[in-house]
> 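Right, I'll just put the structure down here and ask away after.
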Amino acid sequence: MSTANKNFFITTPIYYVNDTPHIGHAYTTILSDVLTRFHKLAGENTFFLTGTDEHGQKVQQAADKRGTSPQEHTDIFSKRFKEAWGEINIGFDKFIRTTDPEHIAFVQKMVQALWDKGQIYEKEYEGLYSVGEERFFSEKELVNGMDPVSGRPVERVTEKNYFFRMSAYQDWLVKYIEEHPDFILPDFRRNEVLGFLRQPLNDLCISRPKSRLAWGITLPFDKDFVAYVWVDALFNYMSAVDGKTFPDGSPIWPADYHLLGKDILTTHAVYWTTMLKALDLPLPRHILAHGWWMMDNARMSKTTGNVVNPMDMKTEFGVDVFRYFLIREMVVGQDASFSREALVLRLNSELANDVGNGLSRILKLAATGLGNRLTPVPSEGEEEAALKRAAEEAVTAALEKVRALKLSNAIEDTLALIRAVNRYLEVKAPWKLAKEGEAGKAKLNSVLYHSAEALRIGFSLLQPVMPSKMVEALAALGVLQGATGFDPKTSPLVWGGYGYGNPLAEGVNLFPRIETAKPAPGGQKPADGKASAPADPFSLIHLKVARVEAVEDHPNADSLYVLRLKIGEEERTVCAGLKKHLTPEELKGRDVVVVYNLKPANLRGVESKGMILAAEGEGGKVIPVSPDGAAPGDDVTAEGTPPAPKSDLTMKEFEKAPLTVRSGTVFYRDRPLRSPKGPISAKAQDGTVVR
RNA sequence: GGCGGGUUAGCUCAGUUGGUUAGAGCAGAGGAAUCAUAAUCCUCGUGUCCGGGGUUCAAAUCCCUGACCCGCUACCA
């Protein structure tokens, strides 16, 4: 990182234009911004790219709904991202939009090149297409020959699509990742990708017929098709910098870092990488997948609705504090939890007590004893030499940590320097010197100059994280600086590199403390806060009686049946691993108990919405439990547990509530499950687990 | 089910190729000081390093095994 004249190109994913900017987007973008500013501080040429992904069916639909053209729609919604980044001080060099004409032309050029190289082929297949749902259904999914969702008719459609020969690059990719251990970061993500690549890799469908999706980039070799999202979006990283160079004349591509959330790692590590390889183009140097921000121990996402709006945090604490918290709290790659309490803790104990207060002390002492003027002096005493050394070590250590992407630790090193200043002040007690008048003035100046210089270097190291606050802090110290103050040519990180020509400010309170309610004497806070949380795990589960209407073999799995269930008035498709245990005849017409709110899962190509409860009986035979006498649609409950079912129950949550067999009926712990007509029976021995 | 990772002070976590009394920050207790944002500085930890076995002169660190947690993946349903 100390190497001068290096070039540094970093990207964020392009965000889907229909999304509202949330903390996930903000984190990725802030992290890129901070890294960029650090590299700039170290004297490198940098290029920082972000943007929006603007094609696809959802955009088209949203535009239709609003009665505008897709282009007008994306113009408005793309701007929301751009403005959001402006508000949190993101200094990107380019904001790309996939609807930019240059991008469209570039994608077409690349797709054509793949086509010319024989890396794309067409394949036809026949399927059942529902116009209402705009998707294909398998024959098994149909209900009475109709679309199972809308109940409308489906058409037999023969559709052609284009495929990229991704499978041809599987072996190469495995080898490449193994030979470049820092290609995918952090390393446990690399292992996951390699694990994924142990399965055979399919070719990648890269097209959609215009009849189904018009809002996209037309394929140059077939005007009836548009490019599917991966091809369209991923090439933004290159199209944005096509033909552009760094000041030293070298091309900007390839990227040093692609930053992304772990959900789109495969897309980048596999799809993008193999496409580049197929075109003999240089690969990005690193792909860095970061973790999620957790909120109340739940994943942050727009679907669950528990979104912290970055703009709210900015309003309450200021942009820089918000940025500081995100960078300080999260270990890059790991998940982290977001809470207002944690943010206030960081703000008070680090920014207010150490950084802001350190500055305040010096300003006040300089005001009372030196008339707000500092004069640079050589470091003669032992403590002064030690402080200077501490500053130099902090610079080395922090930049080293940044290069290793350990940003939180880099801040830690910087805080250590600032704490050293506070310690130095205790030792030197300049407030005593200030009372000695003229006699102590030279000594006072030396102490304050050394403190100020150490602080200045600390502030410079914090500047990438808190750009505006640190400029303010340096101005308060009276440092001679330009408007930006961080041109590496002026050696911001070198002891004595700056003059102190301006008067020091007075009454600056850089980071005001946030007063927190003191816990009542002897009161415990977080420990028993959990006491309210653990509800009965069974209450989350919603069980219903269902009747098996039809049993089909799974088209693509040996041990699975595809069952059509009737649950009251509702019809559902559920997969069941009962093929080895029961014949279709035994199953058909039977009444079963189904986990009604289980998160739908895709089992070898068929969506399964629920799970049938069964227990292993004699001879390892798995038999569904029976709700004797109850009608399809009836609820099944456990005595004493008020139901509070949650939608999209995970398997893990389901398993937290153990169901077992006892004397022929199903129990949750010590309470029997009941339908309105009585207990649920199971032909299995006591203690058998039901699932 | 398969693969991978984790379990260290009240909390969040460091602990390099096994080697002297296991560390940091936060929180907590006591004290000093008073320039400062009731901020700062100093002092204070008898922690079965998840349990159990093993290798070794020596293990938080290596091996086996059990429990729990997490991630990816799956004909898990």
Side-chain angles (χ1 to χ4, degrees), chain A residues 186-199 262 265-266 289 291-292 328-329 331 334-337 342 345-369 406 408-409 411-412 415-416 418-435 444 447-448 451 507-515 518-519 524-527 554 556-563 573-580 594-595 598-614 622 624 651-652 654-655 691:
Chain A
D187 55 357
F188 62 93
R189 296 287 169 208
R190 179 184 71 235
N191 288 337
E192 284 176 11
V193 173
L194 284 171
F196 174 80
L197 288 171
R198 276 197 283 270
Q199 315 281 331
K262 58 190 182 184
L265 176 58
T266 305
W292 301 119
R328 176 73 169 117
E329 190 76 6
V331 174
Q334 305 294 127
D335 289 346
S337 56
L345 200 63
R346 292 285 186 196
L347 169 58
N348 281 349
S349 70
E350 297 177 357
L351 294 180
N353 294 356
D354 290 342
V355 181
N357 182 50
L359 174 65
S360 276
R361 303 176 80 174
I362 290 167
L363 295 184
K364 186 58 187 276
L365 290 164
T368 52
K406 295 180 175 176
S408 183
N409 294 335
I411 291 176
E412 183 82 54
L415 289 177
I418 288 165
R419 288 180 187 130
V421 174
N422 276 324
R423 221 173 299 128
Y424 171 76
L425 288 172
E426 292 301 321
V427 173
K428 290 298 190 180
W431 44 91
K432 288 178 184 156
L433 296 171
K435 286 169 186 159
L444 177 62
V447 171
L448 294 187
S451 304
V508 170
N509 190 344
L510 210 54
F511 299 107
R513 279 180 64 86
I514 304 294
E515 288 315 319
K518 283 239 167 175
Q524 330 235 336
K525 6 160 212 185
H554 191 295
N556 204 15
D558 295 339
S559 67
L560 299 179
Y561 282 132
V562 179
L563 307 181
T573 303
V574 169
C575 295
L578 296 169
K579 215 158 167 180
K580 290 183 203 134
V594 62
V595 184
L598 194 69
K599 188 176 176 183
N602 183 353
L603 294 178
R604 240 170 144 80
V606 174
E607 189 183 47
S608 177
K609 296 176 82 170
M611 177 171 76
I612 290 171
L613 289 188
V622 175
M651 207 56 198
K652 219 162 239 166
F654 173 74
E655 282 165 358
R691 52 163 293 173

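Sequence lines set the chain letters: A, B, ... in the order given, protein chains first and strands last, and positions in each chain run from 1.
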> Rounded to the Å, how far apart are A/E350 CD and B/A24 P?
16 Å

> Side chain of A/R198 only, please: which of B/C3, B/U34, B/C35 is the nearest?
B/C3

> Side chain of A/R604 only, please: which of B/A36, B/A77, B/C75 is the nearest?
B/C75

> Which distance, rounded to the nearest 0.5 Å, do you find between the CG of A/L603 and the CE of A/M611?
11.0 Å

> If pairing requires Watson-Crick or G-U wobble contacts with both distances under 3.5 Å, which nucleotide is the partner of B/G4?
B/C70

> Determine the contact category for A/G577: base if any of its heavy atoms lies under 4.0 Å from a base atom, sugar-phosphate if only primed atoms, P, OP1 or OP2 are that close, otherwise nothing.
sugar-phosphate

> Give a yes or no on whether a salt bridge exists between A/D558 and A/R604, defined as a side-chain N under 4.0 angstrom from a carboxylate O.
no

> Output the single nucleotide from B/U37, B/G71, B/C35 whose closest atom is nearest the side chain of A/S360.
B/U37

> Measuring only the P atom in each nucleotide, how far is B/C63 from B/U7? A whole number of Å is fine.
14 Å

> Taking NZ from A/K599 and P from B/C76, how many angstroms apart are they, rounded to a whole number?
17 Å

> Among B/A39, B/A24, B/C76, which nucleotide sits nearest the side chain of A/L560?
B/C76

> Using Watson-Crick or G-U wobble geometry with both distances below 3.5 Å, tell me the partner of B/C35, or none.
none

> Taking the minimum atom-to-atom distance to the side chain of A/L603, which one of B/C35, B/C76, B/C26 wins?
B/C76

> Side chain of A/E426 only, please: which of B/C35, B/C42, B/A77 is the nearest?
B/C35

> Between B/G28 and B/G10, how many Å separate the two C1' atoms, rounded to a whole number?
9 Å

> Side chain of A/R423 only, heavy atoms from C-beta on: which candidate in B/C26, B/C42, B/C75 is closest?
B/C42

> For B/A38, does OP1 or OP2 lie under 4.0 Å from any side-chain N or O of A/R513?
no

> A/R419 CZ to B/U40 C1': how many Å, rounded?
12 Å

> Partners of A/R189 by salt bridge (Lys or Arg N to Asp or Glu O under 4.0 Å), sequence neighbours excluded?
A/E192

> Pick base, sugar-phosphate or nothing for A/Y561, based on heavy-atom distances below 4.0 Å to the nucleic acid.
nothing

> For A/K406, which contact category applies under a 4.0 Å heavy-atom criterion: base, sugar-phosphate, or nothing?
nothing

> Could you give the OH-to-C1' distance, from A/Y424 to B/A36, as a whole number of Å?
17 Å

> Work out how far the P atom of B/A27 is from that of B/U40, and round it to whole angstrom.
9 Å

> Is a side-chain donor-acceptor pair under 3.5 Å present for A/R361 with A/N422?
yes

> Mind checking if A/L365 touches a base, just sugar-phosphate, or nothing, with heavy atoms under 4.0 Å?
base

> Atom CZ of A/R189 to atom P of B/G5: distance rounded to whole Å?
14 Å

> With both distances under 3.5 Å as the test, what is the Watson-Crick or G-U wobble partner of B/G18?
none

> For A/N353, which contact category applies under a 4.0 Å heavy-atom criterion: base, sugar-phosphate, or nothing?
sugar-phosphate

> Using a heavy-atom cut-off of under 4.0 Å over every strand shown, decide if A/G369 touches base, sugar-phosphate, or nothing.
nothing

> Ignoring hydrogens and geometry beyond distance, is the side chain of A/N422 in donor-acceptor contact with the base of B/C41 at under 3.5 Å?
no

> Take atom CG of A/D187 and atom C1' of B/G6, then tell me their distance rounded to the nearest Å.
13 Å

> Identify, between A/V331 and A/A601, the residue whose nearest nucleotide on RNA chain B lies closer to the 5' end.
A/V331

> Heavy atoms from C-beta onward define the side chain here; which of B/U40, B/U73, B/C75 lies closest to that of A/F196?
B/U73

> To the nearest 0.5 Å, what is the distance between CG on A/L598 and OG on A/S608?
7.5 Å

> Let's test this: given Watson-Crick or G-U wobble pairing with both distances under 3.5 Å, identify the partner of B/U61.
none

> B/A39, B/G71, B/A77: which one has an atom nearest the side-chain heavy atoms of A/E192?
B/G71

> In whole Å, I'd like the distance from the CG atom of A/L415 to the P atom of B/U12.
20 Å

> May I ask which nucleotide in the shown strands pairs with B/A24, Watson-Crick or G-U wobble, both distances under 3.5 Å?
B/U12

> Taking atom C1' in both B/U34 and B/U46, what distance in whole Å separates the two?
37 Å

> Base, sugar-phosphate, or nothing: which does A/L425 touch, judged by heavy atoms less than 4.0 Å apart?
nothing

> For the C1' atoms, the ones on B/U20 and on B/U61, what distance do you get once it is rounded to whole angstrom?
16 Å

> By nearest atom, which of the nucleotides B/C75, B/A36, B/C35 is closest to the A/N357 side chain?
B/A36

> Is A/K580 close enough to B/C75 that one of its side-chain N or O atoms is under 4.0 Å from OP1 or OP2 there?
no

> If I take atom CZ from residue A/R346 and atom CD1 from residue A/I514, how far apart are they, to the nearest 0.5 angstrom?
16.0 Å

> Could you measure between the two C1' atoms, the one in B/G53 and the one in B/G31, and give it in whole Å?
48 Å

> For residues A/W431 and A/L425, report the shortest heavy-atom separation together with the two atoms involved.
CH2-O, 3.5 Å

> Under 3.5 Å for both donor-acceptor distances, Watson-Crick or wobble: does B/G30 have a partner, and if so which one?
B/C42

> Using the P atom as the reference point in each nucleotide, state the distance between B/G6 and B/C75 in Å, no decimals.
28 Å

> Report which part of the nucleic acid A/L359 touches: base, sugar-phosphate, or nothing (heavy-atom distance under 4.0 Å, all strands).
nothing

